[in-house]
Amino acid sequence: MTNHATGTFEVKLNPQADQPADPSMGRMTIDKQWTGDITGASKGQMLTGGDFKTGSAGYVAIEKFSGTIKGRKGSFIFQHSATMTAGQGDLTITVVPSSGTEELKGITGKLTIKIEDGKHFYDFEYNLP
């Protein structure tokens with residue numbers, strides 16, 4: 001049975017000191033605080049590339065979440081892949097297979113993000129054994 005978890009999160013992206021000399025490339029850390037059906041924190045690494053002035057770019061990231069989903073405790077890893085063309089984005093965020101621990105062991109799923117007035121909303125469609 002497919003489950004849904006919804007809520008909001010706050011994210012801080014911090015550029016790393018070892019940035020490439022090429023301004024079209026970058027590396028950042030991710031620090032998120034989740035509220036709603038998902039509560040907890042996640043940390044990760046992001047690699048970026050593109051022409052950010054034109055709104056065309058891409059990123060990949062790995063992010064480890066620790067906390068609860070509707071009261072079930074554990075951790076797992078999200079994998080991000082995104083491309084933006086002239087401000088129009090295509091984002092895929094999925095759970096890395098076999099990355100779940102404790103009560104989240106065996107979790108699979110896909111996360112969708114909406115940003116409205118600077119606030120981040122999520123809808124997580126997931127399955128647990």
Side-chain angles (χ1 to χ4, degrees):
M1 182 171 115
T2 300
N3 301 289
H4 280 272
T6 59
T8 62
F9 65 86
E10 292 184 18
V11 62
K12 292 180 185 171
L13 299 175
N14 297 304
Q16 296 302 285
D18 63 345
Q19 292 295 314
D22 182 344
S24 69
M25 306 279 291
R27 189 171 74 84
M28 300 180 206
T29 59
I30 302 167
D31 186 5
K32 284 185 185 171
Q33 295 296 316
W34 300 80
T35 58
D37 293 333
I38 298 175
T39 58
S42 58
K43 294 196 178 289
Q45 294 277 323
M46 174 188 292
L47 298 174
T48 64
D51 184 351
F52 302 101
K53 293 176 186 166
T54 65
S56 295
Y59 86 85
V60 294
I62 294 291
E63 168 188 1
K64 185 171 185 180
F65 167 80
S66 298
T68 62
I69 299 176
K70 294 189 174 180
R72 292 180 71 164
K73 183 181 177 185
S75 65
F76 61 89
I77 298 172
F78 281 122
Q79 178 177 318
H80 300 233
S81 178
T83 305
M84 184 173 282
T85 305
Q88 297 298 312
D90 181 24
L91 173 62
T92 301
I93 305 172
T94 57
V95 174
V96 172
S98 300
S99 66
T101 67
E102 299 179 60
E103 296 173 307
L104 300 178
K105 190 172 185 114
I107 192 168
T108 60
K110 182 176 179 179
L111 184 79
T112 304
I113 295 174
K114 271 195 255 180
I115 303 171
E116 295 176 359
D117 297 323
K119 191 167 185 175
H120 291 78
F121 297 86
Y122 67 83
D123 184 351
F124 184 40
E125 185 175 293
Y126 67 98
N127 291 295
L128 278 165

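What's counted below: heavy atoms across the whole structure, side chains too, no hydrogens, waters or symmetry copies.
Taking every heavy atom of both residues into account, Q79 and V96 meet most closely at CB-CG2, 3.9 Å. Shown here for L13 and P15, the closest heavy-atom pair between the two residues is O-CD, 3.8 Å. The two atoms that bring H80 and Y59 nearest to each other are ND1-OH, 2.9 Å, heavy atoms only. Across E103 and L128, no two heavy atoms sit closer than the pair O-CD2, 4.1 Å. Shortest non-hydrogen contact noted between T48 and R27 is OG1-N, 4.5 Å. Contact between T8 and K119 at its shortest, heavy atoms only, is CG2-CE, 3.7 Å.
Separation of atoms CG (N127) and CG (N3) is listed at 6.5 Å; rounding is to 0.5 Å.
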Working for side-chain contact (heavy atoms from CB on, under 4.5 Å), residues I62 and Q45: CA-CA 6 Å; I62 294 291; Q45 294 277 323; 5.8 Å; no
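Under the 30°/60° scheme for interplanar angles, the aromatic rings of W34 and F65 are found to stand perpendicular. Relative orientation of the F124 and F78 rings is perpendicular, given thresholds of 30° and 60° on the angle between their planes.
Shown here is K70, whose NZ atom has more than 12 heavy atoms of other residues, nucleotides or ligands within 6.0 Å. Within a 6.0 Å radius of CD in E102, other residues, nucleotides and ligands contribute more than 12 heavy atoms. Other residues, nucleotides and ligands place more than 12 heavy atoms under 6.0 Å from the CG atom of D18.
A donor and an acceptor atom, one from each side chain of T2 and E125, are nowhere located under 3.5 Å apart. No donor-acceptor contact under 3.5 angstrom links the side chains of T92 and S81, judged on distance only.
Following chains of ILVMFWY side-chain contacts shorter than 4.5 Å, one can reach L111 starting from V11, so the two form part of one hydrophobic cluster.
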